[in-house]
2 protein chains.
Amino acid sequence: MSSRRARPPEAVVEERRQDVLRHVIEHGEARIDELGERFGVSLMTMHRDLDDLAERGLLRKLRGKVAAFPALTMEIAARFREGLHLTEKEALGAAAVGEISAGQTVFVDCSTTVFPLVNRMREIEPLTVVTNSLRVVRILGPCQGIETVLIGGRYNNEFDSCAGPDVVDALGDIRADVGFISATAVAGGRLFHPVQDYAALKNAARGSVHRNVLLVDHSKFGKTATYAHGEVSDYDLVIVDSRTPEDEIDAMIELGAAVRVVALEETAKEE
Amino acid sequence: MSSRRARPPEAVVEERRQDVLRHVIEHGEARIDELGERFGVSLMTMHRDLDDLAERGLLRKLRGKVAAFPALTMEIAARFREGLHLTEKEALGAAAVGEISAGQTVFVDCSTTVFPLVNRMREIEPLTVVTNSLRVVRILGPCQGIETVLIGGRYNNEFDSCAGPDVVDALGDIRADVGFISATAVAGGRLFHPVQDYAALKNAARGSVHRNVLLVDHSKFGKTATYAHGEVSDYDLVIVDSRTPEDEIDAMIELGAAVRVVALEETAKEE
DNA sequence: AAATTTTATCACATAATGTGTTAACAATGG
DNA sequence: CCATTGTTAACACATTATGTGATAAAATTT
């Protein structure tokens, strides 16, 4: 009466694996047999799921259990944040793309928040796009009317981008019309990032850009991380979504920032 | 009595598409119905093959026929060279990996010739790898013991790497122990590349590397391209495969180059 | 409008892949 | 050393994914 074996569409499988990953990250670690039970698959299948996740570098397989990597101050790798708050990020991207005019040089930060924006940029041409994100290059590289310039330096696998002193140096020689920068944590109008190199990078980038735009979705507010990189008033425009806490918006306005709140079309499912 | 429809394994499909592409490149252009007939598939299927190739940017679909892109002096994009002379490239890679010691800084050129070598480099650690190739970064980036440094600059989609003055500048600040460089054409010991930026890049790289190793498979010999970038004697070691023409090897030795010929295990199928 | 070429849709064949079971295999812990 | 526990390999199966050709509809050229 057991023995029900089927083959779910690969999207379903991927979703389950994401769920497993989320569960492991939330609990720090978990027993493999428990996971199999909880997600209603056989032990063997759970092994396969975990092997897959481990191969992607998202968790570690130990004996009998798996463990998440030590949380990088607040959140785990970009690869995981990928699918989160997509509605919000789409809305931010839609609003931000209006800041770009054809022919300009645009700087794009390395952050999952900006990818929807980058996708929309494919329509505009000509355009020169400067970025330290390999992901952005992969999206824009094949586009005809767009010249893509990659800021080189030490490659960071976690964020799929370059960072470090070389990047800061290279930014010194660059001037962009518009720059889109993100933050992983915002509290009281102050911006934070868990990795020093990236905090430094964002500071340097701001100096090389004429009009700075900050993109943050509501999930980033009320949190901090180890390294500060300026505050919202350092930017010419701050774009947030409509689920951003009132008091955080007030704090930003208090600091003299120009804040634009973009509405969300449909209510996004919360996590 | 016709109507035989099956579903060949995807490797077979890919191979046919490569063959179609090769045919189109050799002839410059071809009628679509003729191609379908020649390759023994229906018109519809040939359309699908060509759509796929066109989407990859390997040829252009016109009305009733397809055209190759204007041959970039000699050969078309890296994406096409991909699967060619794999046996030779594997052999070159196997020989070249011996030149690397743990702890060194290694420069790797952007060329399909070096990818088998790069795969083998994953075993060695620690290692610092400097490259202008995004493909190399994608391979080595996730490796634990390897620090990957990407030379940034203007991104070139055709070669999936960065080139241009920024790259040459950045190379000036770098010093590597060993460098693996390739050439797309060699004639009489002189090296050539169809794109000026890349010829300049190879020259600059050579200056930043202590021990220069040149990797060339036999298919590159007896050809030239627009831009020269030095000659074989500029390198400390030249590695070629055993199917390299005698007279070309003699010419290289004449110029004072240290040439190592690596044997091929199995006879590779010629094209 | 007529001819030609492209795309859409269908039905089908088969490859690719997730699944659970069983059993072999490896590793840990007394 | 054995007993226990965890992992991997090998199957058989179910189902999805995908290439294929025929036909017809749509688009383009002449």
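Note that these values count all heavy atoms, side chains included, but never hydrogens, waters or copies made by symmetry. Letters A, B, ... mirror the listed sequences (proteins, then strands); counts begin at 1. Model, not experiment: these values are computed from the prediction.
When atom types are taken as modelled, the side chain of B:Thr131 and the backbone of B:Val108 share a donor-acceptor pair closer than 3.5 angstrom. The main-chain N or O of B:Glu29 is never found under 3.5 Å from a side-chain atom of B:His27 such that the two would form a donor-acceptor pair.
Other residues, nucleotides and ligands place more than 12 heavy atoms under 6.0 Å from the CD atom of A:Glu14.
Atom CD of A:Glu34 and atom P of D:dG6 are 11 Å apart (whole Å). Taking atom CG of B:Asp52 as the reference point, atom C1' of D:dT20 lies 15 Å away to the nearest angstrom. In this structure, A:Leu43 places its CG atom 14 Å from C1' of D:dA9, rounding to the nearest Å. In this structure, the NE2 atom of B:His47 is 15 Å from the C1' atom of D:dT23, given to the nearest Å. A straight line from CD of A:Glu37 to P of D:dG6 spans 13 Å, rounded to a whole angstrom. We find that CD of B:Glu14 is positioned 18 Å from P of C:dA15, with the value rounded to whole Å. Atom CG in A:Leu50 sits roughly 14 Å away from atom C1' in D:dT8 (whole-Å rounding).
The aromatic rings of B:Phe39 and B:His23 stand perpendicular to each other, their planes meeting at an angle above 60°, with 30° marking the opposite boundary.
Annotation: of the two residues near DNA chain D, B:Glu10 and A:Lys65, the 5′-most nearest-nucleotide partner is A:Lys65. The residue among A:Asp49 and B:Asp51 whose nearest nucleotide of DNA chain C is located toward the 5' end is B:Asp51. Nearest-nucleotide assignment on DNA chain D puts the 5′-proximal partner with A:Asp33, out of A:Asp33 and A:Ala11.
Picking from D:dA10, D:dT7, C:dT5 the nucleotide with the shortest atom distance to the side chain of B:Arg31 gives C:dT5. With C:dA15, C:dT7, D:dG19 as the candidates, the nucleotide lying closest to the side chain of B:Lys61 is C:dT7. Here the nucleotide nearest the side chain of A:Arg7, chosen from C:dT4, D:dT7, D:dT15, is D:dT15. When distances are taken from the side chain of B:Arg48 to each of C:dT6, C:dG20, C:dT9, the shortest belongs to C:dT9. Here the side chain of A:Arg63 is nearest to one of D:dT20, D:dG6, C:dT19, namely D:dG6. Among the nucleotides C:dG18, C:dT6, D:dT20, the one closest to any side-chain atom of A:Val13 is C:dG18. Side-chain proximity of B:Met44 to D:dG21, D:dA9, D:dA27: nearest is D:dG21.
The side chain of B:Thr45 places no N or O atom within less than 4.0 Å of a non-bridging phosphate oxygen (OP1 or OP2) of D:dG19. The side chain of A:Ser42 places no N or O atom within less than 4.0 Å of a non-bridging phosphate oxygen (OP1 or OP2) of C:dT19.
In this model, a donor atom of one side chain and an acceptor atom of the other lie less than 3.5 Å apart for A:Ser161 and A:Tyr198.
Counting any heavy atom pair closer than 4.0 Å across all strands shown, B:Leu62 reaches sugar-phosphate atoms only and no base atom.
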